[in-house]
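The chains referred to below are lettered A, B, ... by the order of the sequence lines, with proteins before strands, and numbering in each begins at 1.
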Amino acid sequence: MSYYVTTPIYYVNGEPHLGHAYTTIAADVLARHMRQRGEDVFFLTGTDEHGEPVTQAAERLGITPRELGDRNAGRFRELARALNVTNDFFIRTTDPEHAEVVAEVVQRIYDNGHVYEGTYEGWYCPRCADFKTESELEEGNTCPIHKIELELEHEDNWFFRLASFQERLEHLYAERPDFVIPQNRYNEALSFIKGGLRDFSLSRARLKWGVPVPWDRSQVIYVWIDALLNYYSALAYARPGEDLRDRFWPATVHLIGKDILKFHAVIWPAMLMAADIEVPRRVGIHGFLLLGEHKMSKSLGNVIEPFRVVELYGADALRFYVVREVSFGSDGEVSPDGFETRYTTELANEYGNLASRTLAMIDRYRDGIVPEAPPDTALAAAFDQLAEVVRERLDDLELTAALDEIWRRIKELNRFVQEEQPWQLSKDDARAERLDEVLYALAEGLRVVSVLLHPFMPESAERLLAALGREDVSLDCARFGAVPGGATVGELGQLFPRVEAEAPAA
RNA sequence: GGCUCCGUAGCUCAGCGGUUAGAGCGCGCCACUCAUAAUGGCGAGGCCGGUGGUUCGAAUCCACCCGGAGCUACCA
C-alpha cells in the first residue's frame, strides 16, 4: 500500500522554530512507522516562498525575495536534517517545475469554467502594498502596522467559484467522517462550509512575486493556491523521469496546524474537484505548543530553539518530548523545565537506565549472552497486542497515545526487574532457570519497546537494538517472544546521559 | 451577537449513568542494590465550577448561571 504524508510548506519570511519542528517530527514518526510496516512511503516537506510577506521581509533585509528564499529554505533543510527527519523530497514553490504544474492545474480550473473575472474590494494600505481584512483593521479603518487611515479600493482580478462547491464539499464530509481529524476540527470545517461559502480571488493584480496567471500574465496566482498545489506538484518532478502521482496520489494525510484548517479542509478539496483531481484521504490537525500562557511565537520572544535543544540533548530527546508532552491534536504547554523533567525521569531514568541495568545483568550473570528461555507468561500478557494497538493509534494520528502505550510497557519492565530481583536469583544455583527466563524476558521486552519506539527515537532505538544484538526494526518482530535468546550483547554506554547544562530554551 | 467546546487532586489531564472518583508529575514514608544515586511499593491531597431538575442512582443526562477557549473566510 502506498502512504503519502506531507507537512505544510513553511513560509520563508522567518526562521524555523519549534512549531515547524513539531509538525515535521510528527510527519516523520508516521513515515517511519509506515516504513516499519513495509508500506511504500513518500514523505514531503518544503518551503513556501511567494507572496507579499516574503517580498516585504526581503526588502527590509535589502535582498531579493529569491535570495531570502534561498537563505531560509536552507535553514528549513538544516532543521529537517538536525531532527533526523526522513523526508523523501524537499519542495520549494520557486522550483520552476512546481510553477509549471501550478499553471497547468489553474488553467484546467479555468477551462472547466470555475473562474471568472471580478472585482475585489477591500481596505488597501499603500505602505504595506496590500489589502487588509476586516479583522485586521483597527479603530477608524486604520492599518494595524502603519496606523494610517485606509481607503476602500478595488482591484480587478480572477475569482474562483468556491461557492459552487458547497454541496460537493458537504457530500464529501458526509461520506468521509474521517476526512478531517480530530473530530472537533471536522465539525469546525463542516460548520464553516454549511454556513455558506463565498467565492474568493485566486489572483493578485498588484503583486509580481509569484506564478503568473497563465491566461493573464499581468497577474500572479494567489499564494495559497500556489502553496497548496505543492502537495500535488512535488510528485510530478521529485524523481526525474518518473511521475509519482500515479503511485502516491491522492495523499494519505496532510499534517497541518489548526491555523490553516480552512485552506486545507475547504479550499483545497474544492480546488482539486474543480481540476478533476482526486481529493486527499485525510487532513490531520494538531494543536499549538504553548509556552506559558501564550502561543509560541518569535515576536513574543519565548521560543524554545530547536537547533539548540538538539545540540545539547540530541534529536531524539526533542522528538520524544514534543510528542510525549502534548496530546497530539490539542494545544499544550511546553517549557524548558518540562523538557528537563521528561528527559531525566523518562529518557534517562526509565528507558536509558532500564537498558543499562538489563545489559549489565546479562553481562554479569550470563557472560553477555541473552539466555534462551520460554517467554515469561506475565510479561507476555502485558505485551499482548501492543504492536496492534500502536498501529491503530498511529492510524488515527494519536501519536501521543501510541507513545504512551509503549511507555507503559517500559514501566512494566522496570517493575518486573524489581519484583523478580535477578540479583537474588543469581545467588542461588537452584534458581538458575528462573534467572534465564527473567533475563530473556527483559532483553525481549526491551527489544520490543525499542522496535516500537524506533519511529519516535530512531537513533536511540537503533543503538539499543544493536547493543541487544537484534537490529531488525520491522513491525512484524515487535512481538514479545518473536526473537529467541542467544544473541551476544554489546556495549551501549549511556543512551541519555545526564546533561548538566543551562536550560535548553533560548 | 451566533455556533462549538471546556471547567475533576498543587500542576497536566483521563473517566462521561451504577460498587469507597483515577493516572502522571510534584510532596511524604518505606523497600531494594542489577543499573545513568537509577528502580519499586505505600500514603497524604478532590462538596468532580455553581444552582435547580430527570432518575432507584449523576462527575457522567437536561436547564439556567458563572468562568475560560475556538470558529465566525481571501495574513502567510
Side-chain angles (χ1 to χ4, degrees), chain A residues 8-14 48-54 56-57 120-122 128 130-136 144-145 157 159-160 162-163 183-185 187-204 222-227 258-263 266-267 287-288 324-327 330-335 337-338 341-342 344-365 400-401 404 407-408 410-411 413-426 435 438-439 442 492-499:
Chain A
I9 45 175
Y10 303 119
Y11 207 56
V12 291
N13 65 341
D48 181 10
E49 306 188 17
H50 289 137
E52 192 57 32
V54 169
Q56 283 174 14
Y120 178 79
E121 189 182 76
C128 294
D130 196 17
F131 287 97
K132 299 292 160 192
T133 64
E134 292 282 343
S135 53
E136 282 180 295
I145 299 163
N157 53 31
F159 276 69
F160 173 58
L162 180 65
Q183 186 66 231
N184 59 330
R185 297 299 167 193
N187 293 341
E188 189 178 314
L190 181 57
S191 78
F192 177 79
I193 293 166
K194 286 193 161 156
L197 298 174
R198 290 205 295 265
D199 296 343
F200 71 95
S201 56
L202 58 62
S203 69
R204 293 289 122 104
Y222 174 44
V223 251
W224 261 109
I225 303 287
D226 175 1
K258 61 178 186 176
D259 50 335
I260 52 178
L261 173 67
K262 273 181 309 198
F263 295 99
V266 182
I267 294 175
F288 290 143
R324 179 88 169 133
E325 185 79 296
V326 178
S327 180
S330 312
D331 290 356
E333 289 191 19
V334 295
S335 69
D337 280 354
T341 301
R342 291 227 185 250
T344 304
T345 64
E346 299 188 329
L347 291 180
N349 295 354
E350 291 178 355
Y351 184 48
N353 185 53
L354 173 65
S356 293
R357 67 200 308 209
T358 299
L359 291 170
M361 288 189 286
I362 290 170
D363 193 50
R364 190 148 153 183
Y365 305 140
T400 307
D404 187 58
W407 216 261
R408 277 166 45 201
I410 289 175
K411 287 169 167 284
L413 289 168
N414 274 320
R415 196 171 304 129
F416 182 75
V417 177
Q418 190 64 33
E419 277 166 10
E420 298 298 333
Q421 307 200 26
W423 50 93
Q424 296 296 348
L425 296 175
S426 76
L435 181 58
V438 168
L439 294 178
L442 281 173
L492 179 64
Q494 295 191 351
L495 256 195
F496 298 99
R498 295 175 169 287
V499 176

Considering every strand and a 4.0 Å limit on heavy-atom distances, what is the contact class for [X]: base, sugar-phosphate, or nothing?
| X | value |
| --- | --- |
| A:L359 | nothing |
| A:S201 | base |
| A:R198 | base |
| A:L197 | base |
| A:Y11 | sugar-phosphate |
| A:D48 | sugar-phosphate |
| A:N349 | sugar-phosphate |
| A:L261 | nothing |
| A:N414 | sugar-phosphate |

Please determine whether a side-chain nitrogen or oxygen atom of [X] lies at a distance below 4.0 Å from atom OP1 or OP2 of [N].
| X | N | answer |
| --- | --- | --- |
| A:R415 | B:G41 | yes |
| A:R408 | B:G24 | no |
| A:Y10 | B:A76 | no |

- Task: Flag the pair A:Y365 / A:W423 as yes when their ring centroid distance falls below 6.0 Å, and as no otherwise.
- Result: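 Not under 6.0 Å, so no.
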- Task: Check whether any side-chain N or O of A:D331 sits under 3.5 Å from a backbone N or O of A:F288 as a donor-acceptor pair, and report yes or no.
- Result: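 Yes: the side chain of A:D331 pairs with the backbone of A:F288.
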- In B/S/- notation, 5' to 3', how is nucleotides 29-35 of chain B contacted by protein heavy atoms closer than 4.0 Å? ---SSBB
- Message: Distance check, P atoms only: B:C47 and B:A59, in whole angstrom units.
- Response: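 Per the computed distance, 14 Å lies between those P atoms.
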- Quote, to the nearest angstrom, the C1' distance that separates B:G22 from B:U8. 10 Å
